[in-house]
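To keep things clear, I will list the structure first and then write my remarks on it.
Both counts, for ligands and for their atoms, begin at 1 and track the order of listing. Heavy-atom basis, side chains included; hydrogens, waters and symmetry copies ignored.
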Amino acid sequence: MPSCFLWRAVSSMTPRKKLQGLVAATITPMTPDGQINLSVIHQYVDYLVSEQNVKNVFVNGTTGEGLSLNIRERKQLAEEWVRQGKDKLDQVIVHVGALSLPDSQELARHAAAIGASAIAVIAPFFFKPTNKDELIAFLQKVASEAPAVPFYYYHIPPLTGVKIRVEELLDGIKERIPTFQGVKFSDTDLLDLAQCINKNEREQFAFLYGVDEQLLSALAIGADGAVGSTYNYLGRKTTLMLQAFAKPDLALARKYQFLTGEFLNFVIKLGFGVAQTKAVMTFVSGIPMGPPRLPLVDASEDFIVKAKAKLDSIVWPDGD
Ligand SMILES: CC(=O)N[C@H](C=O)[C@@H](O)[C@H](O)[C@H](O)CO
Ligand SMILES: CC(=O)C(=O)O
């Protein structure tokens, strides 16, 4: 029916639903022998919703070791998150970036077929795009495989080494990628973020910040929300920070940022990455996240003891 086509065309260019609140960058649970462990995702979804008040997830990203998984594993994880999240989560965003364009396209088609809320793609990071046009060309080839699915660029220069500024990338991007919906911005360059937001006053792009320890600064500059690893276990506290910021009660918002920062500052000094995130989530939630996949190696017992003691020692403003 023509009206149905029209609806599809329009829906491909507008957000299905405005993303609200925090997005947890999901961990990929693994068994002790290093296989992905789909069996705990049901429990993981319930934990995020009921204990952390987090209703959006970003699957197979950095925290999910997405680039260390094979295509089959990535599809299985995406399917399980969509299945378990049905009627419980608001949005399941699936990261489909890969070094190989056909792999990335296959994952994009798969994400569309299973009903993911959105897809995201990082810049290829072995052979790298050297300018904005090369990067957009790559992103466009992936996005066009899922023409009805909102698309986010995942900017994470500390890991990809691709430092093309987002502010530049945005120029004309909607013409090239009609599904373009926003950016997951995981960089400390707040001038770049500010320029993006300033440029897009009229447009409906969402800027989701990804450096959890300085989210409050990004909110001040106008970020719409946040995607991060710490919202797995500090989601409730960070939501209280968002509420304080919205009120606005900046003193209270700062207090929350200082305290989450105190924990992160402590663990970063000990050495903090995905392996350590898995360990922290395991002791906080009680859900076994298992070991990371090589080249990452398990967090040490010493790290776990110290991180737990630190987290337990924090006195939160809400008395928890
Ligand atoms: C590099 C990395 O993993 N960044 C995560 C997401 O972008 C963050 O959530 C950090 O884990 C967090 O900000 C702690 O440094
Ligand atoms: C932090 C984040 O968004 C990721 O793990 O991809």
In terms of atom number and element, which parts of ligand 2 are under 4.0 angstrom from non-hydrogen atoms of [X]?
X	result
Gly61	6 (O)
Ala25	1 (C), 2 (C), 3 (O), 4 (C), 5 (O)
Val227	3 (O)
Phe58	6 (O)

Heavy atom of the protein closest to [atom] (residue, atom name, distance):
atom	value
atom 3 (O) of ligand 2	Lys184 CE, 2.4 Å
atom 4 (C) of ligand 2	Tyr154 OH, 3.2 Å
atom 5 (C) of ligand 1	Gly210 O, 3.8 Å
atom 15 (O) of ligand 1	Glu213 OE2, 2.9 Å

Any nitrogen or oxygen of [X] lying under 3.5 Å from a nitrogen or oxygen in ligand 1? Just yes or no.
X	value
Ser229	yes
Lys184	yes
Leu159	no
Ser186	yes

TODO: Evaluate the side-chain proximity of Tyr44 to Trp81: yes if any heavy-atom separation is below 4.5 Å, no if none is.
DONE: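 Touching, per the 4.5 Å side-chain cut-off.
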Task: Carboxylate-amine/guanidinium contact Glu168 Lys132, below 4.0 Å - done: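 Looking at Glu168 and Lys132, the cut-off is not met.
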- [ ] May I ask you to say whether Lys278 pairs ionically with Glu65, meaning some side-chain N is under 4.0 Å from a carboxylate O?
- [x]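 Salt bridge flag = yes for Glu65 with Lys278.
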Task: Proximal ligand 1 atoms for Gly228, defined as those under 4.0 Å from one of its heavy atoms - done: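 The list of qualifying atoms is 9 (O).
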Open item on the list: I'd like to know if the side chain of Gln105 and the backbone of Lys141 have a donor-acceptor N/O pair within less than 3.5 Å.
Closed with: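 Side chain of Gln105 to backbone of Lys141: a pair is present.
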Task: Least distance between heavy atoms, Tyr153 atom then Val121 atom - done: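 So the minimum-distance heavy-atom pair works out to CD1-O, 3.4 Å.
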Open item on the list: Within this structure, what is the CZ-OG distance for the pair Arg109 and Ser144, rounded to the nearest 0.5 Å?
Closed with: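 Answer for the CZ-OG pair, Arg109 versus Ser144, is 9.5 Å.
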TODO: Report the part of Thr62 (side chain from C-beta onward, or backbone N, CA, C, O) that has a heavy atom under 4.0 Å from ligand 1; answer both or neither where that applies.
DONE: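 Under 4.0 Å from ligand 1, Thr62 contributes side-chain atoms alone.
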Task: Tyr233 and Phe263 aromatic ring geometry - parallel, tilted or perpendicular at 30°/60° bounds - done: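 Rings of Phe263 and Tyr233: perpendicular, over 60°.
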- [ ] Specify whether Tyr256 and Trp316 have parallel, tilted or perpendicular ring planes, treating 30° as the upper limit for parallel and 60° as the lower limit for perpendicular.
- [x]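 Taking Trp316 first and then Tyr256, their aromatic rings lie parallel (interplane angle under 30°).
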Open item on the list: If you apply the rule side-chain contact (heavy atoms from CB on, under 4.5 Å), what do you find for Phe245 with Leu250, and how did you get there?
Closed with: CA-CA 6 Å; Phe245 176 77; Leu250 287 185; 3.7 Å; yes
Task: N or O pair under 3.5 Å between Thr62 and ligand 2 - done: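 Checking ligand 2 against Thr62, an N or O pair does fall under 3.5 Å apart.
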- [ ] Indicate if Val280 and Val40 have the same hydrophobic cluster label, given that clusters are the connected sets of ILVMFWY residues with side-chain heavy-atom separations under 4.5 angstrom.
- [x]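 In one cluster: yes.
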